[in-house]
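Notes follow once the structure below has been shown.
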Amino acid sequence: MRHIHYEDTILSNITWRIARKEDAQRCYEIERSAYEGDEAATLEKIALRIAGYPQGFLVMEQEGTLIGFINSGCAWNVVMSDEAFKELVGHDAQAPKVVIMSVVIDPDWQGKGLSSSMMATFVSQMRKLGKTEIHLMCKERHVPLYEKMGYRYVRPSESDHGGMAWHEMVMPL
């Protein structure tokens, strides 16, 4: 008899898909609940990201309810402190380098191991699209988590997005 762990049960009910425009409001709600102050993207930016690069906007659902997402854009040369890129200024879907803008899980679903699973699915998708690197910025407390996922620490970021200190990381694919 196989013992079923709690995490296995949760993951068995999780599905991933590309975001659709009607997901913007729910993604915005999750973004606002998970990020502090001015860190969160506006509803308009989220809608723009879905419309501008749906292949780079992965949503996670649990039995049909959207509970998390990762969104990104692509660039030939990555400048992590470029605030305009968050509005996809300079984004080129054909570029080989992926820049993650948000990795978010609804606070009610955090702490269940879902971020690692969501990131693994995202990385797999980016490999299938022929991308060569994934870049992201995170707070210092998240650096060890991303290192476990295969990211390499680059440097403290020049960005002060949302008035916070950020750290740049990269994963070669």
Side-chain angles (χ1 to χ4, degrees), residues 3-17 19 27-41 45-46 49 53 55-62 66-75 77-83 85-86 95-129 131-173:
H3 291 3
I4 298 176
H5 297 293
Y6 177 67
E7 292 82 9
D8 293 339
T9 304
I10 289 173
L11 287 175
S12 69
N13 294 320
I14 297 293
T15 56
W16 292 268
R17 64 173 172 79
C27 289
Y28 173 70
E29 292 166 4
I30 294 171
E31 177 106 350
R32 293 290 307 163
S33 70
Y35 282 114
E36 302 168 32
D38 293 338
E39 291 178 89
K45 282 184 183 175
I46 288 173
R49 293 172 188 175
Y53 189 49
Q55 309 90 313
F57 204 121
L58 176 72
V59 298
M60 177 174 48
E61 293 180 318
Q62 199 277 337
L66 200 153
I67 62 170
F69 64 91
I70 297 177
N71 67 67
S72 64
C74 297
N77 296 304
V78 174
V79 179
M80 292 301 296
S81 59
D82 182 358
E83 287 295 315
F85 192 78
K86 293 179 175 73
K97 299 176 183 181
V98 177
V99 179
I100 291 178
M101 293 177 257
S102 296
V103 177
V104 192
I105 295 179
D106 183 307
D108 291 342
W109 289 89
Q110 292 176 7
K112 300 176 182 352
L114 296 173
S115 62
S116 296
S117 180
M118 185 168 64
M119 183 61 76
T121 302
F122 181 81
V123 168
S124 176
Q125 280 190 312
M126 293 302 107
R127 280 189 177 116
K128 288 176 187 170
L129 291 174
K131 304 305 179 186
T132 61
E133 295 177 347
I134 301 177
H135 296 256
L136 61 78
M137 288 192 313
C138 66
K139 293 178 185 166
E140 186 173 2
R141 71 178 182 261
H142 293 124
V143 168
L145 172 67
Y146 287 114
E147 286 176 333
K148 281 186 204 173
M149 292 181 192
Y151 286 84
R152 178 181 52 79
Y153 185 82
V154 177
R155 67 179 162 254
S157 181
E158 293 177 12
S159 174
D160 63 354
H161 177 72
M164 307 287 175
W166 297 94
H167 298 271
E168 297 180 16
M169 304 194 74
V170 65
M171 176 190 287
L173 297 180

- All side chain to side chain contact (heavy atoms under 4.5 Å, CB included) counterparts of S33, not counting sequence neighbours: P107
- Item | Heavy-atom closest pair, residues V99 and F85 | CB-CE2, 3.6 Å
- Message: List the residues meeting side-chain hydrogen bond (donor to acceptor under 3.5 Å, both in side chains) with Q110, not counting sequence neighbours, and say none if there are none.
- Response: none
- Message: Checking I134 against V170 for the side-chain contact (heavy atoms from CB on, under 4.5 Å) test, could you report, in this order, the C-alpha distance in whole Å, the side-chain angles of both residues, the deciding distance, and whether it holds?
- Response: CA-CA 6 Å; I134 301 177; V170 65; over 6 Å; no
- I100 to V103 - nearest heavy-atom pair and separation: CG2-CG2, 3.5 Å
- Roughly how far, to the nearest 0.5 Å, is CG of N77 from CG of D82? 11.5 Å
- Partners passing side-chain hydrogen bond (donor to acceptor under 3.5 Å, both in side chains) against R32 (at least two apart in sequence or in another chain): none
- Heavy-atom closest contact (F57 atom, C27 atom, distance): CE2-SG, 3.8 Å
- Message: Can you confirm whether M80 sits close enough to H135 that some side-chain heavy atom of one is under 4.5 Å from a side-chain heavy atom of the other?
- Response: yes
- Could I get the full list of side-chain hydrogen bond (donor to acceptor under 3.5 Å, both in side chains) partners for K45, not counting sequence neighbours? none
- Using side chain to side chain contact (heavy atoms under 4.5 Å, CB included) as the criterion, list what pairs up with A95, not counting sequence neighbours. C74, W76, D92
- Query: Of all residues at least two apart in sequence or in a different chain, which pass the salt bridge (Lys or Arg N to Asp or Glu O under 4.0 Å) check with K86?
  - Reply: E83
- Task: Taking all non-hydrogen atoms of both residues into account, name the closest pair between I30 and I67 and its distance.
- Result: CD1-C, 3.7 Å
- Task: Could you tell me which residues satisfy ring-ring contact (aromatic ring centres under 6.0 Å, His included) with F122, sequence neighbours excluded, listed by chain and number?
- Result: none
- Message: Tell me if a side-chain donor or acceptor on T121 pairs with a main-chain N or O of S117 at a distance below 3.5 Å.
- Response: yes
- Message: Tell me every residue that passes side chain to side chain contact (heavy atoms under 4.5 Å, CB included) with E31, counting only those two or more places apart in sequence or in another chain.
- Response: Y35, A40, A41, I46, F69, S102, V104
- Query: CG/N13 to CD/E61 distance, rounded to the nearest 0.5 angstrom?
  - Reply: 12.0 Å
Expected list for residues 136-156: side-chain donor-acceptor pairs under 3.5 angstrom, two or more places apart:
| unit_1 | atom_1 | unit_2 | atom_2 | d |
| --- | --- | --- | --- | --- |
| K139 | NZ | E36 | OE2 | 3.0 |
| K139 | NZ | E39 | OE1 | 3.1 |
| K139 | NZ | E39 | OE2 | 3.1 |
| Y153 | OH | H167 | ND1 | 2.7 |
| R155 | NE | E168 | OE1 | 3.4 |
| R155 | NH2 | E168 | OE1 | 3.1 |

- Item | Which residues share a side chain to side chain contact (heavy atoms under 4.5 Å, CB included) with S81, sequence neighbours left out | V79, E158, S159
- Query: To the nearest 0.5 Å, how far apart are CE in M126 and CE in M171?
  - Reply: 12.0 Å
- Is any side-chain heavy atom of I14 closer than 4.5 Å to a side-chain heavy atom of M60? yes
- Message: Checking Y28 now: which residues fulfil ring-ring contact (aromatic ring centres under 6.0 Å, His included) with it, not counting sequence neighbours?
- Response: none
- Task: Would you check, one step at a time, whether the test side-chain contact (heavy atoms from CB on, under 4.5 Å) holds for E133 with L173?
- Result: CA-CA 5 Å; E133 295 177 347; L173 297 180; 5.8 Å; no
